[in-house]
Amino acid sequence: MNKDILQSKFVKEMKDATANLYRLGWDERNGGNISYLLTMEEVYPYLDGNKKVRTIPMNFNASSLAGRYFIVTGSGKYFKNVTNDPAVNLGLIRITEDGRNYDILWGFEDGGVATSELPTHLMNHMKRLAVDPNHRVIMHCHATHLLAMTFTHSLDEKDFTKTLWEMCTECIVVFPDGVSIIPWMVPGTDAIGEETAVKMEHTRLILWPHHGVFGAGTTIDETFGLIETAEKAAEVYTIVCSQGGKKQTISDKQLQSLADAFKVIPREGILELTNANK
Ligand code: 2HA
Ligand code: ZN
C-alpha cells in the first residue's frame, strides 16, 4: 500500500510556497512556477511502481536529466488554488530516458501539463547541478518591487546588484553573486530558457525585465528566502526613492567588511575599493 502523497513533505512544501507567494502578491492569476528536484527515495513510498498517467513531449533535449523526478506547478494553474487542490494544480514528473518527454506519475488530474516555463526550469536545473550538486529548486515569480525597478533603474547587472546590496545589510551575505539580468524576451520559449541558463552558472537570481525573477537554491525555503531578500531590498529602494532619495548609504568598504565577516566573496567588479578605502 502506497503512502498518501498529499501527506508527503514535498507536497506540503509546494503548498506552503505557493500559498506564501500568492499571499505576498507575487503570483497573480497563473503567474509564477516552481520545480523541485526529488530523489527516487523521496518519491518511491508514494508511487504505484512504474505506473505513469501520461507522457508529454518536450521540444528540447533534457537527456542530462533523464530519469530525474520533479514536482512542478501546472501550466495555466493559479498558485492561490494549490492548497485546496494540489492533485490538479501540481504534478510529479519524470524525464524519460531520451530526454525528449516527461512522464506524469501523479497530479495534473484535470488533464493539465507542467508549467509553460518548463524549458527554462529544466535548463536552469541542468546548469545549477553542473556547478552545485546540492541544487534542487527553481522558482519563478512576479515579485512586485523587483519588477517595478526594471522600469526605473539601470539594467546594468552590476549597478542593479550594488543598489540592492545597499538597501539592507543582509543582502550581500544572502546573494554575494548578485543578480543577473537578461534582455526582455517572450516567456515560455526555449530561447529565454537558454539565455537564463547562461546566467545561472554564476548567479542564483536572474531578472526578466518587466516580467519577474527566477531564483535557484538547494531547498524551497532557501530559494524563497533568496527571492524574498532581494524583493525586500527592492521595496526599500522604492521607499527610499519616494522619500526623496539616499542621503547616506552603506559604503563599499562597509559592504566588503560584511562580506569578510560572513566569509562570502562578493561578485567581482561591483565594490570599488581603492587603496584609500580598503
Ligand atoms: O506561468 O509566470 O512566465 C506563468 C508565468 C510565465
Ligand atoms: Zn512569469
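Reckoned from all heavy atoms, side chains included, excluding hydrogens, waters and symmetry mates. All of these numbers come straight from a predicted model, not from anything done at the bench. Whatever order the structure lists them in is the order used to number ligands and atoms, beginning at 1.
Between D156 and K162, none of the side-chain N atoms (NZ, or NE/NH1/NH2) sits under 4.0 Å from a carboxylate O, so this pair counts as no salt bridge. Between K199 and E157 there is a salt bridge, since at least one side-chain N of the basic residue sits less than 4.0 Å from a carboxylate O of the acidic one.
Those atoms of ligand 1 that come under 4.0 Å of a heavy atom in G32, given as number and element, are 1 (O), 2 (O), 4 (C), 5 (C). Interface of H140 with ligand 1, defined as ligand atoms under 4.0 Å from a residue heavy atom, comprises 2 (O), 3 (O).
Comparing L118, D27, N30 by heavy-atom distance to atom 4 (C) of ligand 1, the nearest is N30.
Counting only distance, with no hydrogens or angles, the side chain of W165 and the backbone of P176 share no donor-acceptor pair below 3.5 Å. A donor-acceptor pair under 3.5 Å is formed between the side chain of R136 and the backbone N or O of L37. With hydrogens and angles disregarded, no donor-acceptor distance shorter than 3.5 Å links the side chain of T161 to the backbone of K158.
Looking at atom 6 (C) of ligand 1, its nearest protein heavy atom turns out to be E117 OE2, 3.1 Å. Taking atom 1 (O) of ligand 1 as the reference point, the nearest protein heavy-atom neighbour is N33 ND2, 3.0 Å.
Note that CG of D260 and NZ of K253 are 11.5 Å apart. Values are rounded to the nearest 0.5 Å.
Geometry about the Zn ion (ligand 2) gives an angle of 110° between NE2 of H142 and NE2 of H140, rounded in steps of 10 degrees.
For residue H211, an N/O/S atom approaches the Zn ion (ligand 2) to within less than 2.8 Å.
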